[in-house]
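Keep in mind that what you see is a predicted model, and the values were worked out from it rather than measured.
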Amino acid sequence: MTSSAVIFMLVTVLIVWGGLVASVVALVVRGRRQGRETQTAVVMETLESERSEPGVAGFKQGESAAGSEGEGTVGSEGESEA
């Protein structure tokens with residue numbers, strides 16, 4: 001091989017790998033940006049819904065999503081359904 005062919009081959013490899021790296025970086029940056037925009041949109045929707053309907057989404061003190069404080073789940077504390 002002549003020296004000009006080797007140089008041409010190396011330049012071609014650098015261009016191809018450079019394009020690959022640039023496209024991967026662009027995809028990662030776009031994915032992070034879209035994730036950040038989605039997260040911001042969800043937070044804004046949540047804040048606006050809390051402003052328009054105060055107290056609807058929240059629970060009273062001592063109450064959870066399952067019910068009041070004293071209630072357990074089926075089969076808890078050693079109870080069996082047999």
Residues 12-41 side chain polar contacts: donor-acceptor under 3.5 Å, at least two apart:
| unit_1 | atom_1 | unit_2 | atom_2 | d |
| --- | --- | --- | --- | --- |
| T12 | OG1 | F8 | O | 2.7 |
| S23 | OG | G19 | O | 3.3 |
| S23 | OG | L20 | O | 2.8 |
| T38 | OG1 | Q34 | O | 2.8 |
| T40 | OG1 | R36 | O | 2.8 |

Side chain to side chain donor-acceptor pair (under 3.5 Å): pairs with one or both residues in residues 2-11, sequence neighbours excluded:
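Passing the test, one end in residues 2-11: T2-S4.
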
In the hydrophobic clustering (ILVMFWY, side-chain contacts below 4.5 Å, transitive), which residues join M9, or is it alone?
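M1, V6, L10, listed by chain and number.
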
Checking side chain to side chain contact (heavy atoms under 4.5 Å, CB included) against T46, which of E50, M44, E48 comes through?
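Passing option: E50.
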
